[in-house]
Protein chains: 2
Amino acid sequence: MPDTRPSPYFVLFNEIGILHQLSRALLEARLPDGLLSSHFGVLNHLVRVGEGTTPLAIARAFQVPKTTMTHTLSGCVKHGLIEMRPNPEDARSKCIWLTDKGRQVREDMVAAAATGMGDFAEHFPEDKVEALLPALTEMRQFLDKARDEI
Amino acid sequence: MPDTRPSPYFVLFNEIGILHQLSRALLEARLPDGLLSSHFGVLNHLVRVGEGTTPLAIARAFQVPKTTMTHTLSGCVKHGLIEMRPNPEDARSKCIWLTDKGRQVREDMVAAAATGMGDFAEHFPEDKVEALLPALTEMRQFLDKARDEI
DNA sequence: TATATTTAGTGCGATATCGTACAAAAAGGT
DNA sequence: ACCTTTTTGTACGATATCGCACTAAATATA
């Protein structure tokens with residue numbers, strides 16, 4: 001009789017998958033027209049980490065293949081949220097900058113997401129969430145390294 | 001000057017997105033040929049929760065749209081991992097059962113994933129992971145309900 | 001019973017994701 | 001300087017995802 005009790009690791013990654021699914025669906029339900037959670041992620045990243053980074057750096061930050069990021073960025077360009085300038089230090093590369101519209105849209109998205117987050121925040125106060133972050137971040141960093149090695 | 005410091009909620013969902021990305025990529029790198037993390041999830045679910053459930057119930061469990069689950073299940077059928085029988089209690093519905101091959105493949109997948117999990121388990125012992133699960137599960141359940149209401 | 005509403009699953013179309021292969025530039029080795 | 005290897009971004013094709021619309025069956029209502 002083989003094991004049917006799942007190891008906590010499977011449960012963990014299963015929960016993470018579902019949480020990702022749910023949070024994405026919930027966010028996108030509140031975003032305007034064709035805006036996607038991936039676009040939101042990029043805009044947020046640019047504001048937080050700083051503009052002027054390259055597509056590859058962004059892809060690495062989100063741990064998605066660079067082709068995926070190319071596609072996502074082209075979607076942002078099509079929506080007029082970002083612009084791609086040549087990289088003065090590397091002719092192969094590009095630099096990503098927010099447009100004014102992109103900054104504005106990001107503000108709106110944050111606001112929209114925040115209202116949707118209200119109920120959530122009531123049940124899960126900031127300090128409770130913050131308590132989770134170190135472990136999750138540590139796991140992320142570990143898997144990040146493992147990805148290169150394994 | 002608008003806020004650039006992200007709320008812990010954004011960080012949380014960002015980490016979850018990346019963790020999902022990484023764990024999926026890591027798992028699929030160890031799966032045979034065309035097998036996908038979604039297939040693995042379905043097989044695992046059938047073993048854990050029990051066979052004979054319906055496509056819709058599985059879709060709800062993973063919180064994906066039912067069309068997505070239809071597609072995933074048809075992939076499993078094409079790989080000979082599951083079979084769909086008519087639901088004796090509801091002629092519209094189907095019941096999902098593992099095939100012998102499906103059970104075998106699931107065993108192999110679990111083994112393959114487990115070897116890849118070895119390093120991870122060293123750094124994150126079971127009890128550390130278990131300590132995280134209640135909060136994550138609670139969040140999942142909350143968002144689950146919120147999805148219907150909002 | 002007859003009709004309306006809800007529910008389960010699927011076909012279809014649009015789009016996202018991602019692996020492969022590629023071109024151009026950069027970096028390293030001779 | 002020349003050649004090789006690595007790196008950056010992209011085009012392309014295959015497949016996954018998912019919203020919409022539909023059929024058939026079940027359920028609720030008149």
Side-chain angles (χ1 to χ4, degrees), chain A residues 17-18 20-42 52-79 82-96 147-148, chain B residues 17-18 20-42 52-79 82-96 147-148:
Chain A
I18 298 174
H20 180 228
Q21 193 75 32
L22 284 166
S23 59
R24 194 162 62 93
L26 228 50
L27 173 63
E28 287 182 359
R30 306 189 151 269
L31 293 184
D33 61 335
L35 272 289
L36 242 28
S37 129
S38 53
H39 302 142
F40 178 72
V42 167
T53 47
T54 68
L56 190 58
I58 303 177
R60 289 218 178 97
F62 289 99
Q63 286 294 333
V64 295
K66 55 185 182 171
T67 56
T68 302
M69 191 47 66
T70 297
H71 182 81
T72 301
L73 291 177
S74 80
C76 290
V77 170
K78 200 164 59 186
H79 283 97
I82 63 171
E83 55 179 345
M84 301 177 68
R85 305 181 195 162
N87 187 337
E89 296 175 1
D90 187 336
R92 295 168 300 179
S93 183
K94 311 277 180 68
C95 292
I96 308 298
R147 180 185 175 79
D148 299 332
Chain B
I18 297 174
H20 180 227
Q21 192 74 31
L22 284 166
S23 59
R24 195 162 62 92
L26 227 49
L27 173 62
E28 287 181 0
R30 305 191 150 268
L31 292 184
D33 61 336
L35 271 289
L36 243 26
S37 131
S38 53
H39 302 143
F40 179 73
V42 166
T53 46
T54 69
L56 190 58
I58 303 177
R60 289 217 178 98
F62 288 100
Q63 286 294 333
V64 295
K66 55 185 182 171
T67 55
T68 302
M69 192 46 66
T70 296
H71 183 81
T72 301
L73 291 176
S74 80
C76 290
V77 169
K78 200 164 58 185
H79 283 97
I82 63 171
E83 56 180 344
M84 301 176 70
R85 304 180 195 164
N87 187 336
E89 295 175 2
D90 187 337
R92 296 169 299 180
S93 183
K94 311 280 180 70
C95 292
I96 308 298
R147 180 184 175 79
D148 301 331

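The figures that follow rest on heavy atoms only: side chains count, while hydrogens, waters and symmetry mates do not. The chains referred to below are lettered A, B, ... by the order of the sequence lines, with proteins before strands, and numbering in each begins at 1.
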For a quick test of reading the model: is some side-chain N or O of A:H71 closer than 4.0 Å to OP1 or OP2 of C:dT17?
no

Counting only side-chain N and O atoms of B:R24, is one of them less than 4.0 Å from OP1 or OP2 of C:dC18?
yes

Please step through side chain to side chain contact (heavy atoms under 4.5 Å, CB included) for the pair B:F62 and B:M69, ending with a clear verdict.
CA-CA 9 Å; B:F62 288 100; B:M69 192 46 66; 4.1 Å; yes

B:L56 atom CG is separated from D:dA25 atom P, nearest whole Å, by 18 Å

Correct closest heavy-atom pair for B:H79 and B:L35 would be CD2-CD2, 3.9 Å

Check the pair B:R30 / B:L26 against side chain to side chain contact (heavy atoms under 4.5 Å, CB included), numbers first and verdict last.
CA-CA 7 Å; B:R30 305 191 150 268; B:L26 227 49; 5.9 Å; no

Could you check A:M84 against A:I96 for side chain to side chain contact (heavy atoms under 4.5 Å, CB included), going step by step and ending with a plain yes or no?
CA-CA 5 Å; A:M84 301 177 68; A:I96 308 298; 3.6 Å; yes

Just checking B:S74: base, sugar-phosphate only, or nothing, at a heavy-atom cut-off of under 4.0 Å?
nothing

Checking all strands, does B:S93 fall into the base, sugar-phosphate, or nothing category for heavy-atom contacts under 4.0 angstrom?
sugar-phosphate

At less than 4.0 Å, is any side-chain N or O atom of B:T68 found next to OP1 or OP2 of D:dC18? Yes or no.
yes

Non-hydrogen side-chain atoms of A:C95 and A:P88 separated by less than 4.5 Å:
yes

Rounded to the nearest Å, what distance is computed from the CG atom of residue B:L73 to the P atom of nucleotide D:dT17?
11 Å

Would you kindly compare A:A91 and A:K78 by the position of their nearest DNA chain C nucleotide and give the one closer to the 5′ end?
A:K78

Of A:D90 and A:S38, whose closest DNA chain C nucleotide lies nearer the 5' terminus?
A:S38

Do the side chain of A:K94 and the base of D:dG9 come within less than 3.5 angstrom through a donor-acceptor pair of N or O atoms?
no

Could you give the CD-to-P distance, from A:E28 to C:dT15, as a whole number of Å?
14 Å

Rounded to the Å, how far apart are B:L22 CG and C:dT17 C1'?
15 Å

Name the residue closer to the 5' end of DNA chain D, choosing between B:E89 and A:T67 according to the nucleotide with the nearest heavy atom.
A:T67

Would you say B:R60 reaches C:dA8's phosphate, i.e. side-chain N/O to OP1/OP2 under 4.0 Å?
yes

A:M84 has its side chain closest, among D:dA24, D:dT10, D:dA16, to D:dT10

Please work out if A:N87 contacts a base, only the sugar-phosphate, or nothing of the nucleic acid, heavy-atom cut-off 4.0 Å.
nothing

Determine: side-chain N/O of A:Q21 to OP1/OP2 of D:dC18, distance under 4.0 Å, yes or no.
yes

Taken to the nearest whole Å, NE2/A:H20 to P/D:dA16 is 18 Å

Between C1' of C:dA25 and CZ of A:R92, the distance in whole Å
5 Å

After noting the C-alpha distance and the side-chain angles of A:T68 and A:H71, does the key distance pass the side chain to side chain contact (heavy atoms under 4.5 Å, CB included) rule?
CA-CA 5 Å; A:T68 302; A:H71 182 81; 5.7 Å; no

Measure from CG on B:L36 to C1' on C:dT17 and round the result to the nearest Å.
11 Å

Please check the phosphate of D:dT10 (OP1 and OP2 only) for any side-chain N or O of A:T70 closer than 4.0 Å.
yes

Shortest side-chain distance from A:K66, nucleotide among C:dC18, D:dT8, D:dG19:
D:dT8

